Amino acid sequence: MTSVLIVGAGPTGLTLACDLARRGVAVRIIEKSPEHPRSSRAKGPNPRSLEVLADLGVLAEVRAAGTDRLVMRKYRDGRPIADTDPYQGSAPTPDAPYDRGCLLPQWRLEQILRDRLAGYGVGVELGTELVGLTQDDAGVLATIADGRRIQASYLVGCDGGHSAVRKLLGVPFAGETYEEQVMVCGDVELDGLDRGVWHQWFDPDGAVMLCPIPGTRSGWWFQAGPERDDAGRPVAPSPEGFQRLFDRHARRPDLRLAGATLLSTYRVNVRVVDRYRVGRAFLAGDAAHVHAIAGGLGMNTGIQDAFNLGWKLGLVLTGRAGPGLLDSYQEERLPVAAWTLEVTSERLRAVLEAIREPGGGLDAAASPETTTLGLGYRWSSLSRGQDGTGGRLRAGDRAPDAPCREAATGAPTRLFELFAGPHFTLLGFGRGAAAALREAVAKHGDLLRAYAVDGGPVGLLDHQGHARSAYDTAGDALVLVRPDNHVALVAPADRPEAVLNYLDGLGN
């Protein structure tokens with residue numbers, strides 16, 4: 001029997017499938033579309049999602065396929081007014097190696113994740129539509145449109161805003177649709193425009209935005225305020241309509257759009273479920289929350305949903321944690337969804353206000369919040385235990401990175417390299433933590449990896465002091481890091497029982 005059935009093969013479902021497959025979990029992923037969608041849609045992973053993708057081992061492919069440097073050029077009345085880099089002046093830091101996201105079409109990210117998944121012997125099952133769902137204490141029974149049935153221990157709906165899983169579970173999707181906040185979108189081909197720039201024509205009577213699609217010779221994301229009929233109603237998108245909008249705002253009669261595909265009308269929806277779990281079925285990504293696109297948090301929140309859920313399902317299914325651990329998925333991610341709806345609505349308001357003036361543009365959507373590096377779970381039941389250092393880092397916070405050296409060889413390494421993979425990581429700062437590290441490994445060596453930081457010849461050298469600075473540990477201390485790179489526990493070095501009790505009690 002399948003351990004986990006994932007419904008939906010977008011970035012959320014593929015992230016979850018990769019995370020489970022590398023843990024040895026028997027996973028299947030189904031997709032109702034008969035072929036892999038060639039949709040650009042989301043414009044790429046943000047800094048926190050880049051950390052997730054690095055952990056999954058696909059960061060090099062993602063960065064090679066995308067770009068992290070693109071100027072936003074704002075126009076008024078067809079004339080360029082301002083060039084802006086929203087991340088000008090920012091740079092990677094020892095604790096946060098990615099200061100900006102990566103511009104990448106969604107179809108390319110999905111391709112990279114599918115290739116990674118195939119390396120574990122798992123493929124997406126196309127043309128497989130879920131139409132029925134029942135469950136009991138033993139598992140879930142999914143019915144497919146062609147009459148087949150799939151049994152699984154757990155099911156996760158990653159099937160988007162129109163989620164069949166959510167509807168079959170009877171979970172409400174409360175919120176609002178803002179009918180007047182409308183945009184027409186599509187992918188177009190265009191030659192003769194600078195591809196090193198995200199072009200944004202904002203006029204009092206409308207707007208057109210063209211962003212080059214990385215990895216293509218002449219592909220562009222097209223977004224615009226819609227044409228309207230005599231009654232003021234938005235007109236459905238069409239290639240001819242795209243050209244008329246471009247002509248009106250760009251005022252470049254020498255340029256012609258071609259190959260307009262994936263035409264759609266986008267309306268701002270702000271909706272969220274009231275629960276992420278019904279028995280053995282879970283919701284993730286757009287199936288659980290939709291919101292304004294300002295800030296680019298849609299796909300990223302889904303990727304981070306999946307990364308939160310994956311390690312928990314993995315530990316429960318391999319018998320290393322009790323089933324109660326799965327309750328923490330909703331406990332941690334539902335507040336994040338509520339936060340996301342609030343932040344994206346505020347970022348949209350900021351953009352709409354900015355574009356009223358010449359030189360305003362989509363850079364108004366960028367803020368430190370939209371990196372999601374500051375999100376954590378201090379309120380979670382998994383963030384319990386000792387906080388013996390009194391420092392600024394708390395259980396539940398994102399675990400920082402730091403450059404170190406291997407004590408035995410002097411070879412450079414990073415904390416993120418040590419965190420990567422399906423395990424907890426125990427950092428012992430100072431020589432006083434050595435006994436606690438040995439005790440933890442003796443009891444839970446199959447569940448964690450332990451490293452002494454400046455604690456002896458076997459371990460890590462914090463040669464520049466970045467690890468102590470990031471973890472705010474002046475003296476000897478223990479820091480337990482979860483498999484999703486959030487701090488589980490901060491404790492004094494002489495309290496190994498805090499770590500042992502934490503791991504012993506997972507989900508029990």
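Note that the structure is predicted; figures quoted are calculated from it, not measured.
- Residues forming a side chain to side chain donor-acceptor pair (under 3.5 Å) with Gln223 (at least two apart in sequence, or on another chain): Lys43.
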Can you list the steps and then say if Arg378 with Ser383 is a side chain to side chain contact (heavy atoms under 4.5 Å, CB included)?
-> CA-CA 6 Å; Arg378 289 187 178 187; Ser383 303; 5.6 Å; no
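- The line from CD of Gln200 to CE of Met72 is 5.5 Å long, rounded to the nearest 0.5 Å.
- You'll find the side chain of Leu103 reaches within 4.5 Å of the side chain of Trp221, heavy atoms only.
- Counting only heavy atoms from C-beta outward, the side chains of Pro234 and Met183 never approach each other to under 4.5 Å.
- Summarising the geometry of Trp311 relative to Phe307, their closest heavy-atom pair is CD1-O, 3.4 Å, with the distance given to 0.1 Å.
- Of the residues listed (Val182, Ile293, Val184), the one engaging Tyr266 in a side chain to side chain contact (heavy atoms under 4.5 Å, CB included) is Ile293, and it is the only one.
- The backbone N or O of Gly285 lies less than 3.5 Å from a partner atom in the side chain of Asp305, making a donor-acceptor pair.
- No more than 12 heavy atoms of other residues, nucleotides or ligands sit less than 6.0 Å from atom CD of Glu342.
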Can you list the steps and then say if Gln111 with Arg108 is a side chain to side chain donor-acceptor pair (under 3.5 Å)?
-> CA-CA 5 Å; Gln111 188 179 60; Arg108 183 69 181 102; 2.7 Å; yes
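- More than 12 non-hydrogen atoms from other residues, nucleotides or ligands lie less than 6.0 angstrom from NE2 of His36.
- By the 4.5 Å heavy-atom criterion applied to side chains, Pro105 and Pro214 are counted as neighbours.
- Defined by atom type and a distance below 3.5 Å, a donor-acceptor pair is present between the side-chain atoms of Thr177 and Asn269.
- For the side chain to side chain donor-acceptor pair (under 3.5 Å) with Ser380, the qualifying choice from Arg333, Glu332, His486 is Glu332, the only one to do so.
- With sequence neighbours excluded, no residue forms a salt bridge (charged side-chain N to carboxylate O under 4.0 Å, His left out) with Asp99.
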Decide side chain to side chain contact (heavy atoms under 4.5 Å, CB included) for Tyr98 and Asn46; before the verdict, give the C-alpha distance in whole Å, the side-chain angles of both, and the deciding distance to 0.1 Å.
-> CA-CA 9 Å; Tyr98 316 114; Asn46 69 3; over 6 Å; no
Quick one: do Arg398 and Glu51 satisfy salt bridge (Lys or Arg N to Asp or Glu O under 4.0 Å)? Show the steps, please.
-> CA-CA 11 Å; Arg398 165 190 163 275; Glu51 294 180 355; 2.8 Å; yes
Yes or no on salt bridge (Lys or Arg N to Asp or Glu O under 4.0 Å) for Lys312 and Glu331, after CA distance, side-chain angles and deciding distance?
-> CA-CA 13 Å; Lys312 297 170 182 178; Glu331 177 190 8; over 6 Å; no
Please report the C-alpha distance between Thr216 and Arg195 in whole Å, then the side-chain angles of each, then the deciding distance to 0.1 Å, and finally whether the side chain to side chain donor-acceptor pair (under 3.5 Å) criterion is met.
-> CA-CA 10 Å; Thr216 67; Arg195 289 186 61 80; 3.3 Å; yes
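- Contact of the Leu263 side chain with the Phe242 side chain is registered, since non-hydrogen atoms from C-beta on lie closer than 4.5 Å.
- Within the 4.5 Å cutoff, no side-chain heavy atoms of Asp286 are placed close to those of Ser163.
- Separating the CZ atom in Arg449 from the CG atom in Leu426 is a distance of 13.5 Å, to the nearest 0.5 Å.
- You'll find the side chain of Ser3 stays beyond 4.5 Å of the side chain of Val27, heavy atoms only.
- Here the CG-CG distance, from Asp397 to Asn485, works out to 13.0 Å after rounding to the nearest 0.5 Å.
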Could you give me the CA-CA distance, side-chain angles and deciding distance for Arg414 and Asp401, then say whether salt bridge (Lys or Arg N to Asp or Glu O under 4.0 Å) is met?
-> CA-CA 7 Å; Arg414 303 188 67 89; Asp401 193 12; 2.7 Å; yes
Does the side chain to side chain contact (heavy atoms under 4.5 Å, CB included) test come out yes or no for Leu313 and Val156, once each step is laid out?
-> CA-CA 10 Å; Leu313 280 169; Val156 186; 4.1 Å; yes
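- Shown here for Leu117 and Ala21, the closest heavy-atom pair between the two residues is CD1-CB, 4.0 Å.
- Distance check: Thr261 OG1 to Asp187 CG gives 4.5 Å after rounding to the nearest 0.5 Å.
- From Thr413, atom OG1 reaches atom CG of Leu418 across 4.5 Å, with rounding to the nearest 0.5 Å.
- No donor-acceptor distance shorter than 3.5 angstrom exists from the side chain of Glu189 to the backbone of Gly259, with no hydrogens or angles considered.
- Classified by interplanar angle (parallel below 30°, tilted 30° to 60°, perpendicular above 60°), the ring pair Tyr154/Phe282 is tilted.
- Contact annotation: the side chain of Leu5 never approaches that of Val140 to less than 4.5 Å [non-hydrogen atoms, C-beta and beyond].
- Every residue meeting the side chain to side chain contact (heavy atoms under 4.5 Å, CB included) condition with Ala164, not counting sequence neighbours, appears here in chain and number order: Asp159.
- Among all heavy-atom pairs drawn from Leu16 and Cys158, the shortest one is CD2-SG, 4.5 Å.
- From Thr128, atom OG1 reaches atom CG of Asp146 across 7.0 Å, with rounding to the nearest 0.5 Å.
- Counting all heavy atoms, side chain and backbone alike, Phe416 lies closest to Pro400 at CE1-C, 3.7 Å.
- Side-chain contact between Trp198 and Asp363 is absent, with no heavy atoms from C-beta onward closer than 4.5 Å.
- With hydrogens and angles disregarded, no donor-acceptor distance shorter than 3.5 Å links the side chain of Arg22 to the backbone of Tyr120.
- Minimum heavy-atom separation, Arg320 to Leu447: CD-CD1, 4.0 Å.
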Going through the distances and angles, do Leu53 and Leu109 end up as a side chain to side chain contact (heavy atoms under 4.5 Å, CB included)?
-> CA-CA 10 Å; Leu53 296 168; Leu109 176 59; 4.1 Å; yes
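- Note: Tyr377 and Trp379 have perpendicular aromatic rings, judged against thresholds of 30 and 60 degrees for the angle between ring planes.
- Contact record, Ala26 with Thr2: O-CG2, 3.6 Å, taken as the closest heavy-atom pair.
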